[in-house]
Structures are given as structure tokens and as C-alpha cells.
Number of protein chains: 2
Amino acid sequence: MESEEVEQRMATIKDVAARAGVALGTASRVLSGSSQTSADSRARVLAAAAELGYIANGPARALRRARTDVLGLLVSDIRNPFFSELAHAAEQEARRHGYTVLLANANEDADQADAYLQTFASQRIDGLLFAPQSTVSPQLAATVASGLPLVFLNRTIEGIDAPMYGTDNAQGVGQVLDWLRRRGHRDVAFIGGPDTISTGAERRAAYLAGREQHGISTDEGLMEAGDFLADGAAKAMNRVLDRGVPFTAVFGANGPTTLGAVRALRERLGVEQAARIEVVSVDDLDWFEFASPPISAVRQDAAEIGRLGVRGVVDLIAGREASGQRVPTTFVDRSPQAQQ
Amino acid sequence: MESEEVEQRMATIKDVAARAGVALGTASRVLSGSSQTSADSRARVLAAAAELGYIANGPARALRRARTDVLGLLVSDIRNPFFSELAHAAEQEARRHGYTVLLANANEDADQADAYLQTFASQRIDGLLFAPQSTVSPQLAATVASGLPLVFLNRTIEGIDAPMYGTDNAQGVGQVLDWLRRRGHRDVAFIGGPDTISTGAERRAAYLAGREQHGISTDEGLMEAGDFLADGAAKAMNRVLDRGVPFTAVFGANGPTTLGAVRALRERLGVEQAARIEVVSVDDLDWFEFASPPISAVRQDAAEIGRLGVRGVVDLIAGREASGQRVPTTFVDRSPQAQQ
DNA sequence: CTGTTAGCGCTTTCAC
DNA sequence: GTGAAAGCGCTAACAG
């Protein structure tokens with residue numbers, strides 16, 4: 001005979017109070033650490049709670065206090081290291097402020113994002129950190145209208161007034177442009193992201209604005225945009241290759257984009273030919289040092305963005321101001337010259 | 001003057017009932033889709049709910065029904081693509097079953113895992129999917145004792161009887177051993193994971209059990225273990241290099257481990273020497289095709305494991321049996337011969 | 001400082 | 001089929 005499953009009901013605060021020999025309210029006061037309580041009842045309640053393995057019922061607490069101490073974090077692609085790094089840092093920071101993070105992954109899909117916004121609303125999260133896809137959906141409009149404290153991460157949406165914590169894209173692209181000039185590249189293929197995503201638009205705009213002063217060709221045949229995912233970027237890279245405009249360097253506008261571009265280059269040109277093309281990227285990935293030639297990159301400080309975002313939304317929840325912030329980038333030059 | 005923040009209180013089911021001109025209970029019955037309701041009240045309640053933008057209060061619902069429709073997913077390293085892939089698939093599957101997933105990241109740290117178990121308990125999740133670090137902590141013991149439906153993902157803990165959904169490590173390592181023999185490697189450095197993690201122990205055991213029949217050296221100086229993270233693996237690789245035992249191939253026991261090992265090889269031996277060593281890995285990473293030479297790998301079906309895990313815990317919640325499952329691996333041979 | 005009590009929003013009896 | 005009412009576990013307001 002197997003041992004019985006003795007599934008005991010979780011202890012409630014009532015059990016704790018009874019065991020400690022105090023009233024319900026006193027137990028609550030001790031356990032919430034709020035008002036004054038005598039050292040005696042404090043000790044007895046704590047002891048009773050420990051003996052019973054008491055863990056407060058979150059939903060009941062949330063219902064009564066009308067707050068959950070939960071933050072929603074909706075990222076656009078959890079498999080993108082930028083976001084998994086960000087999510088990790090945000091969780092840590094949230095925990096330090098007494099919040100739990102509900103992490104959701106929209107997978108660069110607006111419908112999934114809407115579904116999660118709905119879930120968050122029903123969970124009654126206290127605040128939302130959001131890296132949106134693109135335009136404002138009815139669901140998002142409702143979320144904003146509800147007055148839920150909201151900050152954007154790395155991406156914004158036209159017409160929604162919320163603080164944004166993200167990368168200084170102008171600086172990052174500037175670093176890439178400087179590097180391209182230093183390396184003497186004139187014909188550069190630019191593989192961007194969707195213009196509907198602010199990050200995509202900003203990086204493209206900064207590139208367009210600066211390329212001429214940096215001696216880079218303005219041939220529009222070298223400009224393409226994917227979807228910020230590897231497959232879409234590979235297709236974009238192929239479209240440039242199809243045009244037959246020659247180039248000596250490729251600039252990928254985020255990590256997955258660069259991955260897709262490199263894949264396409266190697267498939268279409270073969271490994272040897274592809275190795276004659278220098279690649280530079282926004283986002284620094286683990287393997288860039290192993291590529292041939294090594295890939296230089298703008299490193300975004302995903303962790304700092306996550307931390308700042310949490311602090312921002314915590315400020316909003318507390319009724320304080322939050323003004324958003326652009327986080328500086330660093331450039332990792334892996335070109336042969338830089339290695340000497 | 002800025003526009004006023006009109007933060008309207010969220011509509012409650014009481015508001016919906018009033019607007020529809022029915023009693024509270026009727027509105028509830030319609031919205032929960034449970035009992036019989038007349039077509040008339042059904043229509044009016046639904047209309048009222050839509051007009052008010054009603055979204056049910058999850059905590060209140062949870063309190064009353066004594067269930068949350070939330071699953072906890074505790075992974076050991078969200079930045080590891082294996083887990084981010086798994087988490088994504090699990091979320092999708094959970095949604096299909098009417099559950100929301102609370103995703104937490106223990107970062108290969110037992111204390112953080114305990115903290116999240118506590119949070120999950122207070123949130124009153126309905127079930128837990130867990131990729132544990134190692135041994136059984138008091139917190140985990142309490143979780144198990146509470147009778148919470150639990151399944152393990154890819155890793156188990158000695159002495160805890162819960163179904164496990166994970167990779168068929170024996171098969172995967174067998175594929176590596178076959179490949180090593182085919183490639184004619186005799187001196188192979190094995191960089192494993194902690195023996196306290198079942199995955200680490202299993203892969204190591206399978207390797208030890210099979211290496212002799214596959215003509216591989218049994219020199220213990222070639223065996224080392226890291227922590228399943230890149231830095232720890234790099235140190236492990238360096239320890240092997242320090243011993244001066246020559247080898248022609250390296251076997252990394254998971255993705256981050258292989259990353260760290262390759263980094264160490266290139267730093268210590270230089271790029272050219274390192275390129276003489278063939279590398280093979282459990283976990284197939286994006287960049288393995290770009291490495292020189294390309295890295296062959298056992299591909300784990302993380303998505304399938306995530307889906308099966310969700311189905312397993314959903315079965316447990318429903319009081320059904322769940323027996324766990326080993327998911328087959330596929331081997332991706334990127335050696336020069338295979339490319340022809 | 002502590003006991004008592006109302007009530008958060010919802011589901012689910014129990015009558016009718 | 002529907003209305004009324006109890007109560008899930010907790011916090012906070014109010015007396016004492």
C-alpha cells in the first residue's frame with residue numbers, strides 16, 4: 001500500500017490567532033507588521049505562524065487591500081537575450097521593492113500582447129512594464145484608460161503618454177557609423193526592423209541622418225527591413241542580395257536580425273565569400289566573438305533598463321513622478337585592428 | 001493645464017447586474033457560463049458587461065473558488081535558450097487549457113528558487129512546473145507536503161515522487177558517443193554539469209558507461225564539471241587544459257557549458273589551435289553553424305517538454321494520473337563529412 | 001494595545 | 001430560471 005496523500009488545508013490567519021491565543025485582528029497586525037503590538041503577542045503569533053507553516057493567502061489579501069503587489073512585464077520576445085536579460089534584472093529589482101513580477105511573452109505578436117493585457121487586468125496587477133509591438137490596440141487603450149501605472153521598455157507607442165526606459169539609439173547608431181567610417185566602409189547594407197516599432201524607426205532614422213557625413217552610400221537598394229526576428233531578417237538580407245548592389249558591410253539593427261542576416265549571407269554567398277563582409281550589430285550576442293570575422297556590436301544595457309523601468313513604475317504607483325530615461329550604450333569593437 | 005487623469009474604478013459584477021436589470025447571481029451565472037440562464041438575461045448581461053468593459057476580479061474569484069487558474073513555472077536559468085524556448089511553449093499550452101503561467105527564474109540559485117516557491121504558495125497557484133537546482137530544501141519539502149500538484153522539468157530531485165518530463169539523456173549522449181567514434185576521436189574532454197543536478201549526473205553517467213565501447217580514453221584527467229553556466233564551464237575547461245592531457249574533441253553537457261568551453265579554448269590556445277579541436281554539445285545553439293569548425297549538437301525538444309509538462313500538471317490538478325515522459329533527441333551533425 | 005466587526009468581489013447554495 | 005444571502009481570508013476602522 002502506498003503512503004496516503006495527506007493533503008492538509010493551508011493554515012489561515014484564524015488558525016494562527018487561535019493557536020496564539022489572540023484575536024484575529026492582532027494576528028493580522030503582527031503578520032502585516034503594521035501597527036503597534038506588544039512584544040508578547042508578537043512573539044506568540046510569530047511562533048504560531050511558524051509552527052503552522054502559515055503563508056498568507058495572496059488573493060484574499062489582494063481583494064481586501066485592492067492591490068496585489070504584482071507587476072506585469074510584457075516583453076516582445078523572451079527568447080531574445082536582450083529581453084531575457086532585462087526580465088531577469090527587472091525581477092530582481094521588483095523583489096527588492098516588495099513586488100512579484102508576472103512575466104509574459106508576446107512573441108512579437110500584437111494579438112498575444114492583447115491577450116496578456118487582458119490577463120493582467122483580470123489579475124489586477126499594480127503596474128505594467130511593456131515593450132509593445134507597434135500601434136495602439138483597443139485593449140491597450142482600455143488599459144491606459146483604466147489608469148494603470150505604465151512604463152514602456154525600449155519601445156514606445158505614438159500618442160500614449162508614459163515614461164519610457166530604453167536605449168539611447170541615436171548614440172548607439174552613432175557609434176556604429178563612426179566605426180563604419182573608421183573601417184573605411186562605403187557600401188553598407190542596413191537590415192532594420194519594422195518602422196512601426198519605435199526602436200526600428202529610431203535606429204533607421206539615426207542611420208539615415210548620419211550616413212552621408214560618415215561617407216556611406218545613400219543607395220536605397222541597400223536598405224531593407226525585417227521583423228526583428230531571425231527569419232524575417234534573413235529574407236530582408238536576401239532581398240538586398242537579389243538586387244545585386246555590392247556592399248562590404250552589413251548593419252543589423254538588433255540581435256535576432258543580425259543572426260538572420262549572417263545566416264542568409266553564408267547560405268547565399270558561401271562561407272568564404274561571406275567572411276569578406278564585415279558585420280556590425282545593435283545587441284551584443286554571445287557568439288559574435290566566434291564569428292569570422294568577429295562581429296562588432298553596440299551593447300545595450302538591458303539589465304539597467306529593466307531596473308530603471310521597475311523603479312519608474314514603482315514611483316508611478318506611489319504617486320510620484322517618473323520621467324523616463326535613455327540608457328547609454330557601449331561599443332564593442334572586435335575588428336582586427338582593435339584586437340592589437 | 002494638463003488633461004485630468006480620470007481614473008475610473010473598475011466595473012464590478014454588481015454594476016453589470018444593475019445595468020442589465022438582473023440580480024447579482026444571474027449575472028454571475030451568465031458570466032461564468034455555468035448554469036442554465038434564459039436567452040434574454042444572457043443577452044442583457046453580456047451587453048452590459050461589454051458596455052462597461054467588465055473584467056472579472058481575479059483575486060476575488062480565486063478567493064471564492066479556492067483556485068486561481070494560475071500555474072507556476074520555475075526555471076533554473078531563463079537566459080538559457082533551452083528554458084526560454086520551453087517557457088514559451090508552456091505558456092501557449094497553458095493558455096489553451098485556461099491557465100495563466102507565472103514564470104520565475106531561479107538563476108541556478110537554490111535560495112532564489114526557495115523565495116519563488118514561497119511567492120507561488122502565497123499566490124495560491126494551482127500547480128507547479130519545476131526545473132530544480134539540486135537537493136530538497138525545507139521550502140520545497142513544505143511545497144510537496146502541501147499537496148500542490150507538481151511536475152519536474154528535465155531535472156528531478158532524489159526522494160521526491162513527481163512525474164518528470166525531460167530529455168532522454170541516455171539517447172542524447174549515445175548519439176554523441178556514436179558521433180565521436182565516427183569522427184575517430186579517442187581523447188575527448190568532457191565538461192559536465194554539477195552532479196547534484198540530475199541532468200548533470202545522468203549525462204555524465206551515460207558518458208562514463210559508454211565511452212569505452214566507443215573507443216574513447218578513460219583518462220580521468222579529461223573529465224571536469226562546471227555549474228551549467230558559461231563562466232563555471234570556462235573554469236572547468238581551464239582545469240583540463242592545466243593538466244596538459246592532450247585531447248582532440250570537447251563534449252559540453254549543455255548550451256552555456258559549451259559556450260564557456262569554447263571561450264576558454266580560444267583564450268588559452270588561440271583561435272587557430274582551438275579550431276583544430278572539434279566540439280560537440282547537448283543543446284543546439286544558434287551560432288553553432290558559424291563556429292569553426294561548426295559544432296555538432298544534440299537537439300533537445302524544449303517546446304515539447306514544456307507542452308507535456310503543462311499537460312501533466314493539468315492532469316494532476318484534475319485528479320488524473322500523470323506518468324512523466326522522456327522526449328527523444330535529434331542529433332545535428334555539422335562535421336565536414338556530413339555537409340557533403 | 002487589543003477584540004470585534006464590516007466588507008472587498010465573487011460563486012454557490014437554498015428557496016421560490 | 002432567478003433572487004437572496006452566506007461566506008471564502010484578509011485588513012482596517014472603531015471601540016474600548
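- Legend: residues meeting salt bridge (Lys or Arg N to Asp or Glu O under 4.0 Å) with A:R95, ordered by chain and number and at least two apart, are absent.
- Defined by atom type and a distance below 3.5 Å, a donor-acceptor pair is missing between the side-chain atoms of A:H88 and A:Q92.
- Comparing C:dT11, D:dT2, D:dC8 by their closest approach to the side chain of B:L63 singles out D:dC8.
- Applying the 4.0 Å criterion to OP1 and OP2 of D:dT2, one finds that B:S38 has a side-chain N or O inside that range.
- With sequence neighbours left out, the side-chain hydrogen bond (donor to acceptor under 3.5 Å, both in side chains) criterion links A:Y165 to no other residue.
- Residue pairs meeting the salt bridge (charged side-chain N to carboxylate O under 4.0 Å, His left out) criterion with at least one member in residues 135-152 of chain B: none, sequence neighbours excluded.
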Find every protein N or O atom lying less than 3.5 Å from an N or O atom of nucleotides 14-16 of chain D, and list the pairs.
none

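- Comparing the axis of the opening five pairs of the helix from C:dC1-D:dG16 to C:dC16-D:dG1 with that of the closing five pairs yields an angle of 40°, rounded to 10°.
- For the 3.5 Å distance criterion, the side chains of B:R79 and B:N105 fail to qualify, holding no donor opposite an acceptor.
- Evaluation of the salt bridge (Lys or Arg N to Asp or Glu O under 4.0 Å) rule for B:R44 yields B:D40 as partners, not counting sequence neighbours.
- Taking every side-chain heavy atom of A:R64 into account, C:dG7 is the closest of C:dT2, C:dT11, C:dG7.
- In terms of phosphate contacts, A:S28 brings a side-chain nitrogen or oxygen within less than 4.0 Å of OP1 or OP2 of D:dT11.
- Of the residues near DNA chain D, A:A11 and B:A39, the one whose nearest nucleotide (by heavy atom distance) lies more toward the 5' end is B:A39.
- Side-chain contact, B:Y116 with B:Q139: no donor N or O sits under 3.5 Å from an acceptor N or O.
- Contacts of residues 114-123 of chain B with DNA chain C (heavy atom under 4.0 Å): none.
- Put simply, the side chain of A:Q133 does not reach to within 4.5 Å of the side chain of A:P194, judged on heavy atoms.
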Notebook entry, point to check: Can you check side chain to side chain contact (heavy atoms under 4.5 Å, CB included) on B:E158 and B:V136, steps first, answer last?
Noted result: CA-CA 8 Å; B:E158 188 82 20; B:V136 44; over 6 Å; no
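- In the model, A:S122 has no side-chain atom that pairs as donor or acceptor with a side-chain atom of A:T119 under 3.5 Å.
- Only A:V22, A:A23, A:G25, A:T26, listed by number, bring a heavy atom of residues 13-26 of chain A to less than 4.0 angstrom from any atom of DNA chain C.
- At whole-Å resolution of the value, CG in A:D69 and P in D:dT11 are 11 Å apart.
- Sorted pairs that involve residues 130-146 of chain B and meet salt bridge (charged side-chain N to carboxylate O under 4.0 Å, His left out), not counting sequence neighbours, are lacking altogether.
- Residue pairs meeting the salt bridge (charged side-chain N to carboxylate O under 4.0 Å, His left out) criterion with at least one member in residues 111-124 of chain B: none, sequence neighbours excluded.
- Side-chain N/O atoms of B:S38 and B:S41 include a donor and acceptor closer than 3.5 Å.
- If you check residues 46-61 of chain B against DNA chain C, the residues with a heavy atom closer than 4.0 Å are B:Y54, B:A56, B:N57, B:A60, B:R61, listed by number.
- With sequence neighbours excluded, the residues forming a side-chain hydrogen bond (donor to acceptor under 3.5 Å, both in side chains) with B:E304 are B:R307, listed by chain and number.
- Put simply, the side chain of A:S76 does not reach to within 4.5 Å of the side chain of A:I197, judged on heavy atoms.
- Here B:S32 does not reach the OP1 or OP2 of C:dC10: none of its side-chain N or O atoms lies under 4.0 Å away.
- To the nearest angstrom, P of C:dC8 lies 21 Å from CZ of B:R65.
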Next item on the list: Step by step, work out the side chain to side chain contact (heavy atoms under 4.5 Å, CB included) result for B:F130 and B:L140.
Entry: CA-CA 10 Å; B:F130 188 24; B:L140 179 61; 3.8 Å; yes
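- Following rounding to the nearest Å, B:R44 (CZ) and D:dT2 (C1') show an atom-to-atom distance of 13 Å.
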